[in-house]
Amino acid sequence: MNASLAEFNLSPDLLHLNHAAVGPWPKRTSDAVRRFAEENTTLGSNRYPHWQATEQRLRERLARLIGAASADDIALAKSTSEALSVIAHGLDWQPGDNIVGIAEEFPSNRIVWQSLANQDVEWRPLKLSESQTPEDDLLALCNPRTRLLAVSWVQYARGRRLNLERLGNACRERGILLCIDAIQGLGALPFNLSRMPADFVVADAHKWMLGPEGIALFYCRPELRPKLKLHQFGWHMVEQMGDFDRTDWQAASSARRFECGSPNMLGIHAFEASLSLLEETGLDQIEQAIKERIDHLIELIDAQGFELLSPRAPEQRAGILTFQIPGIEDHQALWRALMSQNLLCAARGGGIRFSPHFHTPMEDLEQAVALAAEQSRTI
Ligand SMILES: Cc1ncc(COP(=O)(O)O)c(C=O)c1O
């Protein structure tokens, strides 16, 4: 763990509690990008086979991260939103089908399903704020026309974590597909497809996985791959990739069928480096370190008399903690005041959202809560 902590070099005058927005890069990721830039400058693409080996290592790391059977099951998308769109507009909908989800989701997880309304596909959202038992209530919203349950593993605003074992098993029993937006959980918590049977798992690199923006994991259960109608085509997604003179073609049988053109090699080099750190550190250790930080934040927030908006139960939370300060009407104003004091956080879910990672020093949490108390008296 100590070697992993030495990889972080955040400015000492910054309190970074914003992994649920964009995480900082470990040192090895910056080094990988610098090396890749230097190589492009001096050698051009002379070592392209090495780049492809890095790409393959990235797919293997992602497969291990989620417990997928093979690197061939992993596609690299450009964002979570893009991968969700490939799923939404690839499935073969029938008029009257519906999708069950959550009303308070991040926009990418609402808009994409709403965009199917013109095919007479209904999005049926659960109001999470009115639910004590979201897993039960989501399943209760399903009916015989429900084809897909599409939710975030961890809600972006207040950090509610869903029980994916329960949802996955219930969906399997009922023949409903399960799509997980894992961006707020992957890299912070262990995930395994054998325990959490999902049909689709998507997540960009730039939050808890400590990678760059613009490169995302897209897992599609292998049996479903040929069933998703493709809307993007090019040299890279064909089975016979590289045989440029060939005129007949078919989509690759692997998940590469979802990648139409040149790979984001710069992003691949960065993401692969970030994931190597997570693997070396170990997801169980990371989960434990995050839990200790959130436990400590809860103590600090309780001691100040702030109102916790995130769940208290460890199994219902991940790395996100959102709170309100009684008497403060405008939490956006408080957020601006905190940002002006170099406390990187977010205004979400009607309060202030802190999101520490395993490397966040405990003292930063104490300073951040003290700063919130101090600033709340001045705005
Ligand atoms: C739950 C959730 N899904 C998706 C996104 C956006 O991901 P992307 O920019 O990769 O599409 C976010 C970003 O905050 C998010 O919190």
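Both counts, for ligands and for their atoms, begin at 1 and track the order of listing. Throughout, numbering of the chain's residues begins at 1 and tracks the sequence.
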Does this structure show an ion pair linking [X] with [Y], if we count only N-O contacts that are shorter than 4.0 Å?
| X | Y | result |
| --- | --- | --- |
| K27 | D31 | yes |
| D73 | R59 | no |
| E39 | R35 | no |
| R28 | E280 | yes |
| R257 | D72 | no |

Going by the order shown, which atoms of ligand 1 are within less than 4.0 Å of some heavy atom of [X]?
| X | answer |
| --- | --- |
| Q184 | 16 (O) |
| D204 | 10 (O) |
| Y156 | 16 (O) |
| S79 | 8 (P), 10 (O), 11 (O) |

Nearest neighbour of atom 9 (O) of ligand 1 from the list H206, E105, E213, R348, on a heavy-atom basis: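 That would be H206.
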
Heavy-atom distance to atom 2 (C) of ligand 1: which of V112, L84, I183, N109 wins? I183

Give a yes or no on this: more than 12 heavy atoms of other residues, nucleotides or ligands lie within 6.0 Å of atom CG of N9. no

Does CG belonging to D248 count more than 12 external heavy atoms closer than 6.0 Å?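 Yes.
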
Where is the nearest protein heavy atom to [atom]: which residue, which atom, and how far?
| atom | value |
| --- | --- |
| atom 7 (O) of ligand 1 | T80 OG1, 3.3 Å |
| atom 6 (C) of ligand 1 | F106 CE2, 3.4 Å |
| atom 11 (O) of ligand 1 | S81 OG, 2.4 Å |

Give a yes/no verdict on whether any heavy atom in K207 is under 4.0 Å from an atom of ligand 1. yes

For S152, is the nearest heavy atom under 4.0 Å from an atom of ligand 1?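 Contact check S152 vs ligand 1: positive.
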
Quick look: D181 vs ligand 1, heavy-atom contacts under 4.0 Å, and the answer is side chain

Check whether the ring centres of W25 and F8 lie less than 6.0 Å apart, and answer yes or no.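 No, the ring centres sit 6.0 Å or more apart.
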
